[in-house]
Trainee: 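I have a structure I would like to understand better, so I am pasting it below and will then ask my questions one at a time.
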Amino acid sequence: MNIAALVSGGVDSSVVVHRLKEQGYDPVIFYIRIGMENEQGFVDCPSEEDIEITTYIARKYGCKFEIVSLHQEYWENVVQYTIDTVKRGLTPNPDMMCNKLIKFGAFEQKYGKDFDKIATGHYATTTEYHSKTFLSTAKDSFKDQTYFLGQINYMQVSKLMFPIGDLYKKEVREIAAQAKLPSATRKDSQGICFLGKINYNDFIRRYLGEKKGPIIELETGRKLGEHQGFWFHTIGQRKGLGLSGGPWYVVGKNVEENIIYASRGYDTEAQYGKTIKMRGFRYITEDLLGDLRSQSANIFFKIRHTPDFTAGKIRFEPFSVKTEKPSISSLEKEDGIWIIESEEPLQGIASGQFGVVYDSNRKLCLGSGIIS
RNA sequence: UGACCAAUGGUGUAAUGGUAACACAACGGUUUUUGGUACCGUCAUUCCAGGUUCGAAUCCUGGUUGGUCAA
């Protein structure tokens, strides 16, 4: 079996190579460059160390190694998407787009297509069910990264391998240490990958500039202060408002009038919601929930990357009542709203983020939609 | 112009003679492959000048600034 392993130079993907070799495979290692180096002086992405380590890993395990650049694709799909989304007042999720469009999208088309499988260092697993492959959660629920994979499709999931999905992070580090991998003690990467050391606000400012507007208390309509542009704040956010007497949280925005609404105090009602409305929900593998317009289904879900799942019920409401055929397969294409009623109130439900739905055992990752 | 009141860190308050407290913000860090949340840490000798006192943010005098009422 031909396997392409996506290796970044971090512990996780290093151990992927180790495990694949252990299992008797001979993967070809790919390092994907996605930095923004040529873009308007935004040279960053200290990828040298990453590449050094990946080279070392490839040599140590005797694997073929290729560095490929998907920089162009990344810019056009992920960075542009991020800027556009923020501009519209929504909260983007670049890392989900990166998985969907770059690692398993552009990479597949250009290089991955020649391989039987693509292996990555995601904390996730796949499960055979109904003789089909489902994306499923990792053994280490704290590190579970299925949320970021919620947008991939069946073609992608059936080609993926997650060699460390059945390990705890601790075990991965131990394996790396035993194998004396240079990445054994490296700090986990975090934050939007393409930004590297660039500050998020600086990035936004660079492309969207600044535009002063009022911050208004939602409950009273009182003007509390000024912001530098609604795009610097997202729903649920506390940091950055600069208002005293708080804590203040962003609870709403008016994009047309450039207004940010805030609410004061811990656990105020305005910060929470129990209803999550989604558009464009898609199942990754297949519909296991049945006809959601006649009957809601019990599920677990996440509205952001968190260790815990929230229990709720999902249902579907078509826009027009006139459609009569309740055919399950047509459900995906039908226009309407998927509604999750959460069992507990959630803080910071932000439009533009994805709602990722899991089965009632918190095992299978069924699909996702955009929160509207 | 007169009277009265107030004046503490970026903000709002606390400490009324015993050596500056609390919250928010900001900054730094931890957690997190989004943004964010949460958690931890840092941040003032009290408007100015004199005086009383062993000792003053707290008392007195003058000034400066702000506010309220009077005109």
Side-chain angles (χ1 to χ4, degrees), chain A residues 6 8-13 32 34 45 50 74 78-79 81-83 85-103 120-124 138 140-151 162 164 169 172 186-196 198-204 208 215 217 224-227 229-251 253 260 262-268 271-272 302-308 310 345-356 368 370-371:
Chain A
L6 300 184
S8 67
V11 225
D12 298 333
S13 55
I32 302 179
I34 53 163
C45 212
D50 294 333
Y74 192 84
V78 182
V79 181
Y81 148 82
T82 302
I83 294 169
T85 306
V86 169
K87 199 172 183 174
R88 287 163 52 212
L90 307 174
T91 308
N93 196 319
D95 288 359
M96 268 177 103
M97 287 303 173
C98 178
N99 284 327
K100 174 189 181 177
L101 302 171
I102 304 299
K103 288 180 186 159
T120 74
H122 285 102
Y123 284 85
D140 188 337
S141 60
F142 276 90
K143 294 300 294 183
D144 178 67
Q145 286 168 330
T146 50
Y147 179 78
F148 290 113
L149 297 168
Q151 274 280 299
F162 304 114
I164 60 164
K169 180 80 193 194
V172 170
R186 281 189 94 190
K187 196 169 151 36
D188 285 351
S189 69
Q190 51 189 241
I192 304 176
C193 43
F194 68 86
L195 287 180
I198 300 168
N199 174 286
Y200 178 78
N201 282 339
D202 289 344
F203 167 76
I204 296 296
L208 296 179
I215 302 173
E217 182 170 26
L224 302 166
E226 283 201 330
H227 64 261
F230 65 78
W231 40 80
F232 293 110
H233 304 87
T234 191
I235 306 293
Q237 185 169 351
R238 171 178 173 173
K239 280 243 166 359
L241 284 174
L243 302 174
S244 63
W248 294 95
Y249 295 85
V250 176
V251 294
K253 291 186 195 183
I260 284 183
S263 175
R264 171 168 46 182
Y266 297 100
D267 297 335
T268 69
Q271 293 164 39
Y272 289 83
K302 294 185 182 185
I303 58 164
R304 64 166 59 83
H305 175 59
T306 51
D308 13 74
T310 310
L346 295 169
Q347 198 261 2
I349 301 171
S351 312
Q353 289 291 284
F354 292 86
V356 175
S368 64
I370 299 186
I371 298 171

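Chain letters run A, B, ... following the sequence lines, proteins first, then strands; residues in each count from 1.
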Trainee: In dot-bracket form, 5' to 3', how is RNA chain B paired? Count Watson-Crick and G-U wobble pairs only if both distances fall under 3.5 Å, and write | where the partner sits on another strand.
Mentor: (((((((..((((....[..)))).(((((.......)))))....(((((..]....)))))))))))).
Trainee: So which protein nitrogen or oxygen atoms get under 3.5 Å of nucleotides 20-28 of chain B's nitrogens or oxygens?
Mentor:
residue : atom : partner   : partner atom : Å
rC24(B) : OP1  : Tyr266(A) : OH           : 2.3
rC24(B) : O2'  : Leu243(A) : O            : 2.9
rC24(B) : O2'  : Gly245(A) : N            : 3.2
rC24(B) : O2'  : Gly246(A) : N            : 2.8
rA25(B) : OP1  : Arg238(A) : NE           : 2.8
rA25(B) : OP1  : Arg238(A) : NH2          : 3.4
rA25(B) : OP2  : Arg238(A) : NH2          : 3.0
rA26(B) : OP1  : Gly240(A) : N            : 2.9

Trainee: Looking only at side-chain N and O atoms, does Tyr272(A) come under 4.0 Å of OP1 or OP2 in rU37(B)?
Mentor: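 Checking rU37(B) against Tyr272(A), no side-chain N or O comes under 4.0 Å of OP1 or OP2.
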Trainee: Can you name the salt bridge (Lys or Arg N to Asp or Glu O under 4.0 Å) partners of Lys143(A), sequence neighbours left out?
Mentor: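 Lys143(A) satisfies salt bridge (Lys or Arg N to Asp or Glu O under 4.0 Å) with Asp188(A) only.
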Trainee: Mind telling me if rU33(B) is syn or anti? Syn here is a glycosidic angle within 90° of 0.
Mentor: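 The base of rU33(B) is oriented syn (glycosidic angle within 90° of 0).
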Trainee: Would you say the side chain of Gln347(A) and the base of rU37(B) hold a donor-acceptor pair, judged only by whether the two atoms sit under 3.5 Å apart?
Mentor: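 In this structure, the two groups form no donor-acceptor pair.
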Trainee: If only side-chain N and O atoms of His233(A) are considered, is one of them under 4.0 Å from the OP1 or OP2 phosphate oxygen of rG35(B)?
Mentor: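 For His233(A), the contact criterion (side-chain N or O under 4.0 Å from OP1 or OP2 of rG35(B)) is not met.
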Trainee: Does His122(A) reach a base, just sugar-phosphate, or nothing at all? Heavy atoms under 4.0 Å.
Mentor: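 Counting heavy atoms under 4.0 Å across all strands, the contact made by His122(A) includes a base.
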Trainee: I'd like to check the ring pair (Phe, Tyr, Trp, His ring centres under 6.0 Å) partners of Phe162(A); sequence neighbours left out, ordered by chain and number.
Mentor: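 Expected list: none.
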Trainee: Distance check, rounded to the nearest 0.5 Å: Thr120(A) atom OG1 versus Leu149(A) atom CG?
Mentor: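 Going from OG1 on Thr120(A) over to CG on Leu149(A), the span is 7.0 Å.
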Trainee: Looking at the base of rU34(B), is there any donor atom on it, or on the side chain of Gln353(A), that sits under 3.5 Å from an acceptor on the other one?
Mentor: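 Checked by distance alone, the answer is yes.
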Trainee: Under the side-chain contact (heavy atoms from CB on, under 4.5 Å) test, which residues partner Ser141(A), sequence neighbours left out?
Mentor: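 Per chain and number, Ser141(A) pairs via side-chain contact (heavy atoms from CB on, under 4.5 Å) with no residue.
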Trainee: Residues in side-chain contact (heavy atoms from CB on, under 4.5 Å) with Glu217(A), at least two apart?
Mentor: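 Partners of Glu217(A) by the side-chain contact (heavy atoms from CB on, under 4.5 Å) criterion, ordered by chain and then number, come out as Glu219(A), Thr220(A), Arg222(A), Leu224(A), Trp248(A), Arg264(A).
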Trainee: Under the side-chain hydrogen bond (donor to acceptor under 3.5 Å, both in side chains) test, which residues partner Asn99(A), sequence neighbours left out?
Mentor: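 Partners of Asn99(A) by the side-chain hydrogen bond (donor to acceptor under 3.5 Å, both in side chains) criterion, ordered by chain and then number, come out as His122(A).
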Trainee: Under 4.0 Å between a side-chain N/O of Lys169(A) and OP1 or OP2 of rU31(B), yes or no?
Mentor: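 No, outside the criterion.
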Trainee: Can you name the side-chain contact (heavy atoms from CB on, under 4.5 Å) partners of Ser351(A), sequence neighbours left out?
Mentor: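 Applying side-chain contact (heavy atoms from CB on, under 4.5 Å) to Ser351(A) gives Leu90(A).
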Trainee: Just jot down the side-chain hydrogen bond (donor to acceptor under 3.5 Å, both in side chains) partners of Gln145(A), sequence neighbours excluded, or say none.
Mentor: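 Expected list: none.
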